[in-house]
Amino acid sequence: MDLFEYQGKTLFARMGVPVPQGSVARTPEEARAAAEEIGGRVVVKAQVQVGGRGKAGGIKLADGPDEAAAHAEAILGMDIKGHTVGVLWIEQASDIAAEWYVSFTLDRGAKRHLAMVSAKGGMDIEGVAAEDPDAVVRLHIDPVIGLTEWQARALVYRARLDRPAARAAAATLLKLYRAFVDLDCDLVEVNPLILTGTGEVVALDSKVTLDSNGFFRHKDFEDFREAFTEDPIEKLAREAGLNFIKLDGTVGIIGNGAGLVMSTLDVVSLVGGAAANFLDVGGGAGADTIRNALDVLTKDEAVASVLINIFGGITRCDLVAQGIVEALGSLDLPWPIVVRLDGTNAEEGRAILAANADEKVVPAATMREAAEKAVELAGGA
Amino acid sequence: MDLFEYQGKTLFARMGVPVPQGSVARTPEEARAAAEEIGGRVVVKAQVQVGGRGKAGGIKLADGPDEAAAHAEAILGMDIKGHTVGVLWIEQASDIAAEWYVSFTLDRGAKRHLAMVSAKGGMDIEGVAAEDPDAVVRLHIDPVIGLTEWQARALVYRARLDRPAARAAAATLLKLYRAFVDLDCDLVEVNPLILTGTGEVVALDSKVTLDSNGFFRHKDFEDFREAFTEDPIEKLAREAGLNFIKLDGTVGIIGNGAGLVMSTLDVVSLVGGAAANFLDVGGGAGADTIRNALDVLTKDEAVASVLINIFGGITRCDLVAQGIVEALGSLDLPWPIVVRLDGTNAEEGRAILAANADEKVVPAATMREAAEKAVELAGGA
Amino acid sequence: MAIYVDESTKLVVQGLTGREGGFHAFRNRDYGTDLVAGVTPGKGGTEVQGVPIFDTVSEAVEATGANTAMTFVPPPFAADAVLEAAAAEGIRLIVCITEGIPAQDEARVFNYLQQTTRTPLIGPNCPGVISPGKANVGIMPHEITLPGPVGVVSRSGTLTYQAVHELTTRGIGQTTCVGIGGDPVPGTSFVDVLERFQADDETEAIVLIGEIGGNAEEQAAEFIAAEVTKPVVSYIAGVTAPPGKKMGHAGAIISGSSGTAQAKQEALEAVGVTVVTDPTSIGEAVASLS
Amino acid sequence: MAIYVDESTKLVVQGLTGREGGFHAFRNRDYGTDLVAGVTPGKGGTEVQGVPIFDTVSEAVEATGANTAMTFVPPPFAADAVLEAAAAEGIRLIVCITEGIPAQDEARVFNYLQQTTRTPLIGPNCPGVISPGKANVGIMPHEITLPGPVGVVSRSGTLTYQAVHELTTRGIGQTTCVGIGGDPVPGTSFVDVLERFQADDETEAIVLIGEIGGNAEEQAAEFIAAEVTKPVVSYIAGVTAPPGKKMGHAGAIISGSSGTAQAKQEALEAVGVTVVTDPTSIGEAVASLS
């Protein structure tokens, strides 16, 4: 789950990483009030779950409350790479002596944590890494003992951060790493981490991606979601425990297992169609899960036909068939449903459908046949 | 540093381990007040840094304040294996359903932490281990990842602690282990760890030995020492940074390095004498250290002669000689001092003594010769 | 022969008393797998359908001679369960089915096992391992398998079934099918499994099912070039997946141009692997090898 | 030959800019040890008496080819310094002189090194290693040593000097003298050193200096019985030490009857070791071997 900058900073503050004082604002008036309370110069920052907001005009410096309100007026509602700005973060302007880049993430290839530090922060770090690879210092961390003090120091010295600030910088790296691990993050990125004129090290931005698998350890993290303006269909799907992503085509896809669903998308594309979505019911789906999945697709007007592709393992095909039958009885399903069942209890499932389903349900013997029928029923390629 | 029971319990409480409510008392009146505040039945417990106080009559149950005061009167001043009772711990009486034994320590042979758990707590655990070794379950812990949850459970089940309390017992083991590691303990022992009639797991006793090398991480631990009635000579030595232990003989020993000092004791014994103390000035002793060491020995009236045995490495013999000369000038030294110097700057040291010391200082060429002369000067075997 | 599991497998299931764990473990037993014990802390001394339950894995191993552990315990306790299985002397394989383990736990456990034990871990978040006709340790539907000469390895669960199904319906059997799981830090990689298939006398060809994200397929390609002499057929899912979107498996995130299905297909083709673009073609491709 | 350190030793000193570190490191250099670098975080780029200082050990190794690290940093930072040295590729020996490291740190570092590296750690709280005439890495006074055929290993600092002194004054030289330190968790044990002396062609006899506490001497006796064919002379300090009192070395605690000087002496005598009861007899005992 990608957090807004201010949410990440809340977590940083909790872990002892210095961040500038600031407040959330959702209206120009709230922005003005925040600027008044902070005093002096403030920065008005669009909160979006996407990079590049600075270039897009989503970050503005204001000399006082009036200017802050005016900037807020301009930024609220702005579209930044498909994200509409609904929340602002008003924060005290910082006195910047140096801008650095820091991140902690998992290197899947090495199966270890990876720290990256650069003295060239505050700009497009991918560009820096491409043009001058030595400017981004990389160091692998053994998750068993975590970032050691010598590694934190080595990162600081090798990246050639300002030497007098080395001790403070290394201490901040250690705290950010603790946040990365203890808060179950997939990513902690700070760009820029700044050195102020008075020698303090402060996180001026935050990009934090939380691992939702770790939420059982952090009961309050689910609350972060309240700040997001989520697509209503995606929200419905999430609340039903379904993994749903909206796509651009007309064939609604329901399957079990991310690999099989991805593959179904590919085969639909191969036979000339386009998927309307990715919907993975996961392992061990029961009848209810299938009913809920079909219910989610009824909310998407782009869907012209639906393809249910199940290969039973932990999932039982008889329960899937039962869910389809229940949905037919209780929901108003406007499209034909091509169903392909294989694996655990597949025959029982097919028998249930043959006995109970109406003509909306079209059986298919293979994945390819199912894709061809669904594309045809959706109105062709 | 061995803590009193109540000090260990303070640390347990800090780490979330349940302990009975209680107060310190140094007089019968304080004991009465403590019992009044606690209410109901209380236990009056002698605080001594030695085991076996129960058998010695140092633990008494009281029905109320008056009886608590009477027990306090009896126990205060009691001698328990050479330790005079000066402090009491008055605590709420517990409802005991089961008594277990738990300890965490370092197994030097295996170089790993060792957990020991027994369902036969509340009694002499060494006896239990000797008679019925299977009654004490042992498990090694890798200090790299620490006690895992499965290990805590395995200890509980293998020791056959009460099954309905298994979860609470395992959770308590995990907390005690965290105390052992995070508080830099050499030993955490709870005998008994009890199960109460209402199903709670409570530490009814504590034996905690702190590693003073870890005190830099725990600034407040030095304060525990205030409660101890320390031997004045040992206190003087400790404050001077000297490692001093009082022994029974007449030859005062000063040396550098625990091994060499132990060996010096052995050689003194071999030639028919007996050491008055063990005094290790450590590595890198300067002139001041030697002067302080001699000053400490002046406080011990049993000393009849002194043997200074230095083999210079990190310690420089010239500085040792200088310290002796300074002591001769500034202290009133009542005994002859046999000095044996070898190693780093030994010749310079001998020269300094030859030029500046008076007849009190007797040089010796070898350790054995030094021991013989010191024993002779002390009045023989 | 076969790899990882066979007639000598003696299975202990962590979480046998749970609904999912019980369902699949007894299916495994019905298939002929030697299910010898279950572990559920606090239920030691009981039994389920004739299988004794123990409080700890080491007690189960001591009492039953179990040599393979399968983990079905919920995500908050799964990392610890894997450590417990790894510490039990006698356990030579751990299969972790559990989905939803935090990535930080996976990373710590993976590295700790690497540093302290030689016991392989398959998974987590995987369908397990089946050696058709010999043993099934996991949740794969054994009905779709057939004994034979092809080794199958896959990052995806249901897609593995699809691939095996394609083989079986053409009469092509399998030595062993291994689902390594699609989590960020799988205990066993493509390379580990390829090494075993290469060394297995009965395995004549290998099917490798990959998907977008990570660089496991690229590492597999390197290893195939260097060490694998048997023919390999591969399918990579996610050709049409939108870039940068998270597709269920935490792993399946496209980062830049690396990790795309196209890049993986090219890497594998470059080392002589037959890459098919449709999972239903896997059977045909393998059939045409001989 | 010699063990651990010799003419090929290229030394980097962690804490060279400190008072103690500098004093001993330059004494080592004066003796002929190839001191190539110092490490003090924040002082990288400076130099002390011609020796370049680096911020990190790995930079020092890259720039100078250092292969041996000696640690003089204060106790709160020493465990981390050892981990840093162990992680630097090219470092083949770490000698940690620092006294006063918390036992919990020692236990963690020791086990982590065992699990992740083959680099031996000597110490902490030890006097170091000297191969007379070749190299000195530590705080032992080289003046008392003499090249020759006897290997010396000891848990005690000053007692080692005493033993070496006894040998040298009799004209008996040493291949290498190793002080393993008396802390609860020494990185190198008697057994590790005995193994090297046994394998070292030039070492003809071994002197082992033990003390009360722990069971390192008993483990040494077992190893001697099984693997050591060279004659061993031993002295154990602490025969008259009062039981149960802490004698400076945190390790030197007698627990019950095991760990006593008597028990250790008996264990060693039982496997053919010549045990002397007075350190001044070590020289005589070795002299009478031939």
Side-chain angles (χ1 to χ4, degrees), chain A residues 106 108-109 111-113 126 142-144 146 180-186 211-217 243 245 247-248 255-271 274-275 278 280 282-284 309-316 342-346 366-369, chain C residues 20 23-24 75-76 97 99-105 107-108 110-112 114-115 127 138-141 143-144 154-162 165 182 184-185 209 211-216 218-219 235 237-242 245-252 256 261 277-280:
Chain A
L106 173 75
R108 293 177 53 164
K111 298 181 172 181
R112 297 196 148 210
H113 295 150
E126 287 180 45
D142 180 356
V144 173
F180 170 66
V181 173
D182 292 355
L183 305 181
D184 281 294
C185 302
D186 287 333
D211 175 6
S212 54
N213 284 344
F215 281 12
F216 66 84
R217 283 195 276 253
N243 189 353
I245 298 167
L247 299 174
D248 297 329
N256 64 321
L260 185 67
V261 179
M262 274 197 280
S263 180
T264 310
L265 264 56
D266 291 350
V267 175
V268 164
S269 164
L270 212 62
V271 300
F278 170 106
D280 174 13
N309 187 12
I310 301 290
F311 211 112
I314 204 163
T315 305
R316 289 161 53 185
D342 258 314
T344 310
N345 297 357
T366 70
M367 189 162 156
R368 179 137 193 155
E369 185 195 323
Chain C
E20 293 291 342
F23 177 77
H24 291 284
I97 308 297
E99 181 180 352
I101 300 177
Q104 294 289 356
D105 289 4
R108 194 156 38 233
F110 173 84
N111 281 282
Y112 187 69
Q114 288 275 103
Q115 288 160 20
I139 63 174
M140 282 198 245
E143 300 84 355
I144 60 168
S154 170
R155 276 170 71 186
S156 164
T158 43
L159 205 45
T160 316
Y161 313 160
Q162 181 66 45
H165 177 73
V185 193
I209 318 273
E211 60 184 38
I212 51 170
N215 67 342
E218 287 84 344
Q219 289 176 336
Y235 169 72
V239 173
T240 56
K245 286 221 172 177
K246 202 165 171 178
M247 302 295 263
H249 286 176
T277 54
D278 174 350
T280 56

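These numbers were taken from a predicted model, which means no experiment stands behind them. Residue numbering restarts at 1 for every chain, and letters A, B, ... go by the order of the sequence lines.
- For the atom pair CG of A:Asn309 and CD of C:Gln162, the computed distance is 6.5 Å after rounding to the nearest 0.5 Å.
- Only the side chain of A:Asp142 comes within less than 4.5 Å of a heavy atom in chain C; its backbone stays farther off.
- Heavy-atom pairs under 4.5 Å with chain A were tallied for C:Val185, C:Asp278, C:Ile144, C:Asn215; the largest tally goes to C:Asp278.
- A:Asp280 CG to C:Thr158 OG1: the interatomic distance, rounded to the nearest 0.5 Å, is 7.5 Å.
- At least one donor-acceptor pair under 3.5 Å links the side chain of C:Gln104 to the backbone N or O of A:Phe180.
- Rounded to the nearest 0.5 Å, atoms CG (A:Asp184) and CG (C:Asp105) are 6.5 Å apart.
- The residue among A:Val267, A:Asn256, A:Val261 with the most heavy atom pairs within less than 4.5 Å of chain C is A:Asn256.
- When all heavy atoms of C:Ala237 and A:Gly259 are compared, the closest pair comes out as CB-O, 3.8 Å.
- Within the 4.5 angstrom heavy-atom criterion, no atom of C:Gln114 approaches chain A.
- Looking at C:Ile209, there are no atoms closer than 4.5 Å to chain A (heavy atoms on both sides), in backbone or side chain.
- Chosen from C:Pro127, C:Ser154, C:Pro76, the residue pairing most often with chain A at heavy-atom distances under 4.5 Å is C:Pro76.
- Of all the heavy atoms in C:Ala103 and A:Asp211, the pair that sits closest is N-OD2, 2.8 Å.
- Considering CG of A:Asp266 and OH of C:Tyr235, their distance stands at 4.0 Å, rounded to 0.5 Å.
- Judged by distance alone, the side chain of C:Asn111 and the main-chain N or O of A:Lys111 form a donor-acceptor pair under 3.5 Å.
- Interface remark: of the candidates C:Pro102, C:Pro75, C:Ala216, C:Pro102 forms the most heavy-atom pairs closer than 4.5 Å to chain A.
- Only the side chain of C:Phe110 comes within contact range of chain A, with at least one heavy atom under 4.5 Å from a heavy atom of that chain.
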